[in-house]
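This report refers to the structure that appears directly beneath it.
Numbers restart at 1 for each chain; the letters A, B, ... are given by sequence-line order, proteins then strands.
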2 protein chains.
Amino acid sequence: MLEKSHKHITCSTCVGRKNSLLGSLCNEEMEHVNAHKACNYYKKHQSLFLEGSFPRGVFCINEGMVKIFQRGDEGKEQIIHIAKSGEMVGFRSMFSETPYRVAAETLEESNICFISKDDFLNMMDSNPVLRNGIIKELSKELSDRADFITNMAQKSVRERLAFTMIILLEIYEKEPINLSREDLANFVGTATETLIRLLKDFKEEGIIEVHTRKISVLNKEKLFAIAGK
Amino acid sequence: MLEKSHKHITCSTCVGRKNSLLGSLCNEEMEHVNAHKACNYYKKHQSLFLEGSFPRGVFCINEGMVKIFQRGDEGKEQIIHIAKSGEMVGFRSMFSETPYRVAAETLEESNICFISKDDFLNMMDSNPVLRNGIIKELSKELSDRADFITNMAQKSVRERLAFTMIILLEIYEKEPINLSREDLANFVGTATETLIRLLKDFKEEGIIEVHTRKISVLNKEKLFAIAGK
DNA sequence: TTTGAAATATGATGAAGGTCATTTTTTCAA
DNA sequence: TTGAAAAAATGACCTTCATCATATTTCAAA
């Protein structure tokens, strides 16, 4: 149930928390976060932060989806990651004490809480499990991005689309993939027209089914085969 | 001076240490590392670790250069990073407790020390400055890789070559860039033939000067202009 | 110094995919 | 419900770059 007002969202009942980096907090810590955080309802296409701005804390997604992207020289977006319920965004640049080099924007209406930099860093100092979880997460993402780079460099758009759809399948779980063609193209790293043509191919090959903008995967195995491994 | 035997390299006299993540160690910690680490001389093109193997510790480059790369489906390498004196490699996967998804290999003869996982993790537990340095480094690399992805997705090979040469300029400092055409192509993410043709263009445009395999940059500004920002 | 292998270089060719123009469909607010 | 704007789809065209073939140069070992 999406809370459309600015009402407070209680950490202890947050659906995403159990699988999140904050799952390790003790009751006392959680209560502290709960008392100090700010909760916000975001409409579709609202910005969390912009490239170039300075991090003031971390965003914790209660419900909804957020794209993390960079704008290239000609203004075209490259989506780096799509974050969903339970994930935290905005803490990577916070550690390096540099301006954001990526931007974040909701893909759908979302409830997102904000924990201040000080509160978060204090918790990290005092909670080794949280700390190690963060380090692990950063390391995992580094590996993911290495894969991303290699895919970009060596795979065809068709292969990358298949790979991207597998990732989106995990993000959207049972739901059909619900992204604009442009966002999907910007995730795959191609032109919108090319993406649309490839979606048509996939449709004709019986790999996917499309209802207006929503895409359902019918044949996951074929996707794996195309993506290569 | 490159130590060509397996002689011990003393941390306190290590040229790279002052700028390294281990710069924050106190004397006691440094002595402990010094007493427990293993030092090795590597020939050119020797492997530090392979994709799929399990991390047992971190490699600390005293002298030399190491390429970090992934092998794509057709066996073609994609170079993700080139590490030099003072840098540590191999700790990213160590934190995530997963097999390496990248491989590391020397680009030239090198002296590289090895610190065991336990020793390193213990230090991280007890030294907050080291810990924060690591987190900061991981975050910085995440940003760099986001740039890398966006470049791959949106820039032409010519633009990427210029960008890559700027990075290499920082790595090689005053020295001419000394990489095989194949490695350079695998860093830029293109075919070796295409890379060679572009180098010829750069040469004709007076941007670089080439002596056999060594490349000197004559006009850094032009490189920046081509790379775009 | 010679010789063979590896690295570098060049040429020819074609496919992948980007761009621009235009049409069709969907969405959303009035 | 309708009309306008945004999104999606299609077509035509052309540039970039990968691939394959082959030539030339460099390097190291005999």
Side-chain angles (χ1 to χ4, degrees), chain A residues 43-45 67 72-79 105 107-109 150-164 176-204 208-216 226 228, chain B residues 43-45 67 72-79 107-109 150-164 176-204 208-215 226 228:
Chain A
K43 283 180 295 190
K44 204 173 178 172
H45 300 141
K67 67 174 170 183
D73 292 340
E74 271 88 46
K76 185 176 164 66
E77 292 180 5
Q78 175 60 44
I79 296 183
E105 193 181 297
L107 286 169
E108 51 185 49
E109 45 177 12
T150 304
N151 278 346
M152 278 297 186
Q154 302 190 0
K155 296 203 174 182
S156 67
V157 176
R158 181 179 157 90
E159 290 168 319
R160 270 160 27 217
L161 173 58
F163 187 85
T164 304
I177 296 165
N178 186 11
L179 270 182
S180 74
R181 298 293 182 261
E182 194 179 355
D183 277 337
L184 190 46
N186 290 343
F187 202 2
V188 173
T190 187
T192 308
E193 297 93 325
T194 303
L195 177 108
I196 288 170
R197 285 181 242 269
L198 285 170
L199 279 185
K200 195 184 171 193
D201 292 348
F202 278 15
K203 206 160 44 181
E204 285 168 1
I208 60 170
E209 197 177 56
V210 177
H211 291 106
T212 63
R213 85 193 316 238
K214 292 183 182 174
I215 302 170
S216 307
I226 294 169
Chain B
K43 284 180 295 192
K44 203 173 179 171
H45 300 141
K67 67 174 170 183
D73 291 341
E74 271 87 45
K76 187 176 163 66
E77 292 180 5
Q78 176 61 44
I79 296 182
L107 286 170
E108 51 185 48
E109 44 178 11
T150 304
N151 278 345
M152 278 297 186
Q154 301 191 0
K155 296 202 175 185
S156 67
V157 177
R158 182 179 157 90
E159 290 168 320
R160 275 168 14 224
L161 174 58
F163 187 85
T164 303
I177 296 165
N178 186 11
L179 269 183
S180 74
R181 299 292 183 263
E182 194 179 356
D183 278 336
L184 190 47
N186 289 342
F187 201 2
V188 174
T190 187
T192 308
E193 296 94 324
T194 303
L195 176 108
I196 288 170
R197 286 181 241 269
L198 286 170
L199 279 184
K200 194 182 170 192
D201 292 347
F202 279 15
K203 207 160 45 181
E204 284 167 2
I208 59 170
E209 195 177 56
V210 177
H211 291 105
T212 62
R213 85 192 317 236
K214 292 184 182 173
I215 302 169
I226 295 169

Nucleotide by nucleotide, 5' to 3', does protein get under 4.0 Å of the base (B), only the sugar-phosphate (S), or neither (-) in nucleotides 17-30 of chain D, counting heavy atoms?
-> SBBB----------
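- In this structure, CE of A:Met152 is placed 10 Å from P of C:dG18, rounded to the nearest angstrom.
- Exactly one residue among A:Arg160, A:Glu159, A:Gln154, A:Arg158 makes a side chain to side chain donor-acceptor pair (under 3.5 Å) with A:Ser156. That residue is A:Glu159.
- The closest donor-acceptor contact from the side chain of A:Arg181 to the backbone of A:Arg213 lies under 3.5 Å.
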Side-chain donor/acceptor pairs under 3.5 Å, residues 186-199 of chain B, sequence neighbours excluded:
residue  : atom : partner  : partner atom : Å
B:Asn186 : OD1  : B:Lys76  : NZ           : 3.0
B:Asn186 : ND2  : B:Glu182 : O            : 3.4

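- What separates CG of A:Asp183 from C1' of D:dA7 is a distance of 12 Å, to the nearest Å.
- Taking atom CZ on A:Phe202 and atom C1' on D:dA9, their separation rounds to 17 Å, with Å as the unit.
- To the nearest angstrom, P of C:dT22 lies 18 Å from CD1 of A:Ile196.
- In this entry the distance linking NZ of A:Lys44 with P of D:dA6 reads 15 Å, nearest Å.
- For the pair A:Phe202 and A:Leu161, the minimum side-chain heavy-atom distance is below 4.5 Å.
- A straight line from CZ of B:Arg181 to P of C:dT10 spans 11 Å, rounded to a whole angstrom.
- Separating the CG atom of A:Leu184 from the P atom of D:dA7 is a distance of 15 Å, rounded to the nearest angstrom.
- Taking atom CD of A:Glu74 as the reference point, atom P of C:dT19 lies 8 Å away to the nearest angstrom.
- Considering only heavy atoms from C-beta on, B:Glu77 comes within 4.5 Å of B:Asp183 through its side chain.
- A distance of 12.5 Å separates NZ in B:Lys67 from CD in B:Glu108, rounded to the nearest 0.5 Å.
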